[in-house]
Amino acid sequence: VLSKGQVQRVGLAQAIMHRPPLLLLDEPTSGLDPVQIERFHGLIGALRGDTAIVVSTHQLAEVRTIADRVAILHGGRLHDPGVPAADEAAITRRFLDIALGVAA
């Protein structure tokens, strides 16, 4: 029986084995310990040149580490596609504004 972190790592290995041009990841660090998360971030950095990577996550702090641009999807609507990911606080505020109905 594999742990959740082991299942995540096996799934990622399967996904990148053939160097796909597009990689879609949903909550990729869920179940990983801090060392595994750091290694995952390094792997994403290494794949960037050859692979377009789309990550779906609730971990807003992680977005700044692994993403160049951010789009917020809430309630089936796409908000702010392509926003630079460098300002974690601004992304967090914008997300909360959208999720709490403060912004359209």
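All of these numbers come straight from a predicted model, not from anything done at the bench.
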Value rounded to 0.5 Å, distance of CG in L96 from CD1 in I91: 12.0 Å
Those residues that, when tested against A15, pass side chain to side chain contact (heavy atoms under 4.5 Å, CB included) (two or more places apart): L23
- prompt: Is any side-chain heavy atom of V70 closer than 4.5 Å to a side-chain heavy atom of L60?
  reply: no
statement: Residues pairing under side chain to side chain donor-acceptor pair (under 3.5 Å) where one sits in residues 7-28, two or more places apart or in two chains, turn out to be D26-S56, E27-T57, E27-H58
Identify every side-chain donor-acceptor pair in residues 31-39 under 3.5 Å, counting partners at least two apart or on other chains, and give the distances.
unit_1	atom_1	unit_2	atom_2	d
D33	OD1	V35	N	2.9
D33	OD1	Q36	N	2.8
Q36	OE1	D33	N	3.0

- line: Tightest non-hydrogen contact, residues H74 and A99, listed as NE2-CA, 3.6 Å
message: Restricting to side chain to side chain contact (heavy atoms under 4.5 Å, CB included), what partner residues turn up for A89, sequence neighbours left out?
response: D87, R93
- prompt: How would you list, by chain and number, every residue that makes a side chain to side chain contact (heavy atoms under 4.5 Å, CB included) with V54, sequence neighbours excluded?
  reply: L22, L24
List, one per line, each side-chain donor-acceptor pair under 3.5 Å for residues 40-53, sequence neighbours excluded.
unit_1	atom_1	unit_2	atom_2	d
H41	NE2	E62	OE2	2.8
R48	NH2	I66	O	2.4
T51	OG1	P20	O	3.0

message: Is any side-chain heavy atom of V55 closer than 4.5 Å to one of P28?
response: yes
task: Applying side chain to side chain donor-acceptor pair (under 3.5 Å), name anything that partners S3, two or more places apart in sequence or on another chain.
output: Q6
